[in-house]
Number of protein chains: 2
Amino acid sequence: MSRTFSAPHLVNPETRSRVLACAEHLGYRPNRAARALITGRTHNIGLIVADIANPFFPPLIKAAESAARHRDYHIFVTDTNEDPAVEEELVHALAKQVDGVLLCSPRMSNSLIEQLSREVPLVVINRQVTGLPSVVMDVGQGARLAVEHLTALGHRHIALLGGPRGSWTSREIRRAATAAARAADAELTVLGPNQPTEHGGTGQAEHVLRLGATAVLAYNDLMAIGLIEGLDSLGVRVPEEVSIVGIDDISLSRLTRPKLTTVANPTGAAGRAAVDMLLQHGDDRRTTAQVTLQTELVIRDSTGPAPTGKPHTVKE
Amino acid sequence: MSRTFSAPHLVNPETRSRVLACAEHLGYRPNRAARALITGRTHNIGLIVADIANPFFPPLIKAAESAARHRDYHIFVTDTNEDPAVEEELVHALAKQVDGVLLCSPRMSNSLIEQLSREVPLVVINRQVTGLPSVVMDVGQGARLAVEHLTALGHRHIALLGGPRGSWTSREIRRAATAAARAADAELTVLGPNQPTEHGGTGQAEHVLRLGATAVLAYNDLMAIGLIEGLDSLGVRVPEEVSIVGIDDISLSRLTRPKLTTVANPTGAAGRAAVDMLLQHGDDRRTTAQVTLQTELVIRDSTGPAPTGKPHTVKE
DNA sequence: ATGAAAGCGCTAACAG
DNA sequence: CTGTTAGCGCTTTCAT
C-alpha cells in the first residue's frame, strides 16, 4: 500500500510495519520519478553553472546543497562550459525532472532566459532579468571600492581585465569601475573580453605592460592570479611595479604569493538565498523579488603604492 | 502524435511538420520523466563526488560530461560532503532518475556499495569492489615512484600524511609507500587519518617537524599545499629543509611557490572511461571490467636533496 | 501511415 | 482505516 510511504500517519501502525517488512524483504523502493509525475513535485533542484572548475562556484554549490537538504530537496549540478547553447539545452533537459532551476552566471540573452522561465521556475544568480527572481552580489560596489583603493594608493592609470562576452557581472564591473575612475580623475582602460580563467589573465600580461598601467582590476581572481604569473615570468614584480586586484575571494587567493587583494563575494549566502527564493514562492511565478548581497574589499599583498614617487602618492 | 518525437522516420513528413508547428505554437516539450517511466531510459547519469570543492574532481566531471554529451546523455553531479550517510541517500535519490551512477571516491563500506548496485547500475571510481565495474588510477604505483624519488634524494625518514577514513586510495598509497620505503631501507611514519583539505595538511606541520622526517608524501595536493603553508609559517623552508610530494596534480600545484612535485592522476581519462563502461554494458550487470589507469611522477620544486647535518628545531 | 488502447509506478479521490 | 479506481504524460502494440 502506497500510503505507507506517502502518508504514514494515516495508516494503522500494525499494517504499516507489515508493509514495511514486506517492502524490505522485496527490496522495494518508491520510484521518485513516477511519484513526481502525479504530485508535480520532484524534490530536486537543478543548478546550472558556467564552469565547475572555477573555484568561485563550489562554495555556492555547497551552500545551496545544504539549504536544499534541510528542506528535503536535492541539488543536481550541471556544467555548461561557458557555452550559451549548452545552457539552453540543459534547462530543457532538467525542466521536468526538477522543481526549479538555479541559473548561475548565465551567458545567454535576457529574452531567452525569460522564455525558458515559462517552461520551469527559474532563479537567476549573478544577473538581473526583469520579471524574474534573482540573487546578485553587488559587484559594482566592489569594483568601486577596488578602484578607490587603487587611486588612493596613487595609481593614475588602471587597466580593467574584462570578463567573457555575455556576462552581466562583467558589464556591472565595467560600469562601476569607469565611474569610480572618472570620479578620481584617473584613466581606466578596458581590456577584453577574456576567458575568465588563469589563462585569460596570463595572456594579457604583455598587453598591460605595453599600456603603461600601474594597476589592474581583474574580472575574477583566477584571471588576477594568471596575470600575476604572466607578469612574474616577464620579470615584473607585484605589487612593487604593478598592483593587482581580483574579484571573488576564492580560497586560492589566500595561497598565492603575493596574497591577492580582492573583492569578497558572499557566495554561500547567494546559494542559500537562491534556494530559499525558489522554494518559498513555489508556483507563484509572478514573484520577482530581487536580492542584492553586499560585497567587501579584502586588502592583502598584491596592491601597493604606485611606483615612481609622484607627489600625490598616498601612503596607506 | 507522439511518434513525431519518438520515431520521426515512421511518420508522414507533412503530418510531421504540421504536428511540429502546432507543438511550437503551444510551447510543447516532451516530458522526459514520463518518457523514462515507460522506456526505462532517462538519458541521465548521476555522478556522486566526495567534495566538489576539491580541485581534483572538476577535470573528471568535465570529461565525464563531455563523454556523456557525445552519447546524448546528461550528467547530474551531487556532493556528499565526505559523508558516507549522504552518499547512500544520494544513490537512493538518484536511483530511478538516472540510468546509472558514477560513484567517485566513495567512503562507504564495500557491502553497502554492493547492495546499492542492485538498485541502480553503478560504476565505482577510485576504488575496487569485487563484482562491480570500476575505474581506478594506479595511485599505488605513483606512491612507489614518489618514495623512490625521495629515497634517491637521500631521505631516510619519510612521513606519510594519510587521507580520510574509509578511503580506498589512502589504503593503497599506504600499502605501496610502506613497501617502497622498506625496499629502500628507509623509515616511513604514517600520520592520520586526516581531512583531505589544505587544513588537514596545515594541521600536521608541527607534527611532521617533531617527528624529524625530512620528506613528506601527502594523500593529495591540497594537503601538501596546506603543509607547505604550515611549515612556512613555522619558518621552515621547502624543499631546503623538508621535501614534499603531493598526489593528483591539480592545476593549483603549478601555481604555488615552490611548485609542487606530485603524482599526476589521469582524471580526465577516468571520467571518460567510467561513462563508457556504464553506457557500454547497458543492463548487463554481470560485467565487472576493472580498468586501471597509469599515474606518473611530476617532479617540480618542492623536493630536493635531504638536508645534511643538524636536524631542524621547532620554534615555540 | 495513423488512430486507439494499454500500461509504466505511482498518488489522489472516493468508497466501503 | 483500507481497498479500489482513475489518470499523471508518455511509448508501445495492435487495429485500421
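Remember, it's a predicted structure, so these values are computed and weren't measured experimentally. Order of the sequence lines sets the chain letters (A, B, ...), proteins ahead of strands, with each chain counted from 1.
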Please report, rounded to the nearest Å, how far the [atom2] atom of [N] is from the [atom1] atom of [X].
X: A/Lys96; N: C/dC10; atom1: NZ; atom2: P; result: 22 Å
X: B/Asn31; N: D/dG7; atom1: CG; atom2: P; result: 18 Å
X: A/His43; N: C/dC10; atom1: NE2; atom2: C1'; result: 15 Å
X: B/Leu37; N: D/dT12; atom1: CG; atom2: C1'; result: 13 Å
X: B/Arg32; N: D/dT11; atom1: CZ; atom2: C1'; result: 15 Å
X: B/Arg41; N: C/dC8; atom1: CZ; atom2: P; result: 18 Å

*Is the distance from OP1 or OP2 of D/dC1 to the nearest side-chain N or O of A/Thr15 less than 4.0 Å?*
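Checking A/Thr15 against D/dC1: no side-chain N or O falls below 4.0 Å of OP1 or OP2.
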
*Who are the ring-ring contact (aromatic ring centres under 6.0 Å, His included) partners of B/His43, not counting sequence neighbours?*
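Checked B/His43 against ring-ring contact (aromatic ring centres under 6.0 Å, His included); matches are B/Tyr73.
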
*asked:* Tell me every residue that passes ring-ring contact (aromatic ring centres under 6.0 Å, His included) with A/Phe76, counting only those two or more places apart in sequence or in another chain.
replied: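 Result, ring-ring contact (aromatic ring centres under 6.0 Å, His included) vs A/Phe76: B/Phe76.
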
*Partner residues of B/Gln294 under the side chain to side chain donor-acceptor pair (under 3.5 Å) criterion, sequence neighbours left out*: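 For B/Gln294, the residues satisfying side chain to side chain donor-acceptor pair (under 3.5 Å) (neighbours in sequence not counted) are B/Gln141.
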
*Residues in side chain to side chain donor-acceptor pair (under 3.5 Å) with B/Asn220, at least two apart?*
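For B/Asn220, no residue satisfies side chain to side chain donor-acceptor pair (under 3.5 Å) once neighbours in sequence are set aside.
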
_Does the protein touch nucleotides 11-16 of chain C at the base, only the backbone, or not at all? Give it as B, S and - per nucleotide, heavy atoms under 4.0 Å._
BSBB--

*Pick base, sugar-phosphate or nothing for A/Arg29, based on heavy-atom distances below 4.0 Å to the nucleic acid.*
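Sugar-phosphate contact only.
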
_According to salt bridge (Lys or Arg N to Asp or Glu O under 4.0 Å), does anything in residues 122-139 of chain A pair up with another residue at least two apart or in another chain? List the pairs._
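As it turns out, there is no salt bridge (Lys or Arg N to Asp or Glu O under 4.0 Å) pair with a partner in residues 122-139 of chain A once direct neighbours are skipped.
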
*Listed once per pair and sorted, the salt bridge (Lys or Arg N to Asp or Glu O under 4.0 Å) pairs that draw on residues 82-98 of chain B, sequence neighbours left out*: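 The answer is B/Glu82-B/Arg107.
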
*What base-paired stems does DNA chain D take part in, with at least 3 consecutive Watson-Crick or G-U wobble pairs and both distances under 3.5 Å?*
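Listed by first number, the stems are C:1-11 with D:6-16, C:13-16 with D:1-4.
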
*Between D/dT2 and C/dG9, how far apart are the P atoms? Round to whole Å, please.*
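To the nearest whole Å, 25 Å.
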
_Cationic N near anionic O, under 4.0 Å, B/Glu172 to B/Arg175_ =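 Yes, B/Glu172 and B/Arg175 are salt-bridged.
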
Which donor-acceptor pairs under 3.5 Å do side chains of residues 25-35 of chain A form with protein atoms, sequence neighbours excluded?
residue : atom : partner : partner atom : Å
A/Arg29 : NH2  : B/His92 : NE2          : 3.3
A/Asn31 : OD1  : A/Ala33 : N            : 2.9
A/Asn31 : OD1  : A/Ala34 : N            : 3.1

*Does A/Thr42 offer a backbone N or O that forms a donor-acceptor pair with the side chain of A/Asp99 under 3.5 Å?*
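Checking the backbone N and O of A/Thr42 against the side chain of A/Asp99, a donor-acceptor pair under 3.5 Å is found.
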
